[in-house]
Amino acid sequence: MVKVKTKMDPRAMNRLRTAPEKALIQVIEGAKDSILSDIMTSEVVPKQTGELERSATIDASKSKRGKVTITYDTPYARRLYWHPEYSFRKDKNRHAQGEWLRAWAEGKKTRGVTQAFKTLLKKLAGGFIK
């Protein structure tokens with residue numbers, strides 16, 4: 001029979017509990033302008049007057065639940081986003097398309113943000129996460 005006695009360090013446990021949210025907020029705050037800038041320079045947002053692109057905002061108010069949203073606030077944003085079958089004009093944004101955020105949400109554009117999050121999480125957790 002083996003007996004094991006453990007003692008938890010409350011400060012370390014607190015760091016582990018709060019590190020993910022802090023890392024997410026820091027990544028988003030640090031990358032907020034660069035993410036929106038990257039989306040604009042990728043020329044994927046349908047564009048006629050530019051109002052749709054200008055309406056983009058990042059909301060990190062639900063970061064405690066691990067959720068950050070990019071919102072386009074125009075009356076037609078939802079309709080354009082969810083209809084990739086539309087024939088978008090390409091004279092102003094050559095890669096204009098529906099579902100233009102897919103690459104940042106689940107595609108190849110997530111790597112940079114994911115790596116920054118992992119690095120910050122390790123730092124904020126104080127070496128408890130490898």
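Minimum interatomic distance between Tyr72 and Ile39 (heavy atoms only, all atoms of both residues): OH-CG2, 3.4 Å. In terms of heavy-atom proximity, Lys92 sits nearest to Gln48 at NZ-O, 2.5 Å. Of all the heavy atoms in Arg89 and Ala96, the pair that sits closest is O-CB, 3.7 Å. Residues Pro20 and Leu16 come closest through the heavy atom pair CD-O, 3.4 Å. Contact record, Arg102 with Tyr81: N-OH, 3.8 Å, taken as the closest heavy-atom pair. Residue Leu124 comes nearest to Arg15 through the heavy atom pair O-NE, 3.5 Å, listed as atom of the first residue, atom of the second, then distance.
If you run side chain to side chain contact (heavy atoms under 4.5 Å, CB included) between Phe88 and each of Val44, Asn93, Leu80, only Leu80 comes through.
Using modelled atom types, one finds a donor on one side chain and an acceptor on the other under 3.5 Å when comparing Asp59 with Ser61. Under 3.5 Å, the side chains of Asn14 and Arg17 contain a donor-acceptor pair of N or O atoms.
Atom CE of Met1 sits about 6.0 Å away from atom NZ of Lys3, to the nearest 0.5 Å. If you take NE2 on His95 and NZ on Lys47, they are separated by 13.5 Å, rounding to the nearest 0.5 Å. Atom CD of residue Glu21 and atom CG of residue Leu121 lie 12.0 Å apart, to the nearest 0.5 angstrom.
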Step-by-step side chain to side chain contact (heavy atoms under 4.5 Å, CB included) determination, Trp100 to Glu53: CA-CA 11 Å; Trp100 56 85; Glu53 278 184 324; over 6 Å; no
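Val45 and Met40 fall into different hydrophobic clusters, where Ile, Leu, Val, Met, Phe, Trp and Tyr residues are linked whenever their side-chain heavy atoms come under 4.5 Å apart, directly or through other members. Trp104 and Val68 fall within the same hydrophobic cluster, where Ile, Leu, Val, Met, Phe, Trp and Tyr residues are linked whenever their side-chain heavy atoms come under 4.5 Å apart, directly or through other members. No continuous path of hydrophobic side-chain contacts links Ile25 to Leu36 [ILVMFWY only; heavy atoms under 4.5 Å]. Cluster annotation: Ile35 and Phe117 are assigned to the same hydrophobic cluster (Ile/Leu/Val/Met/Phe/Trp/Tyr, side-chain heavy-atom contacts under 4.5 Å, transitive).
For Glu85, the salt bridge (Lys or Arg N to Asp or Glu O under 4.0 Å) test picks out no residue, with sequence neighbours left out.
Within a 6.0 Å radius of NZ in Lys90, other residues, nucleotides and ligands contribute more than 12 heavy atoms.
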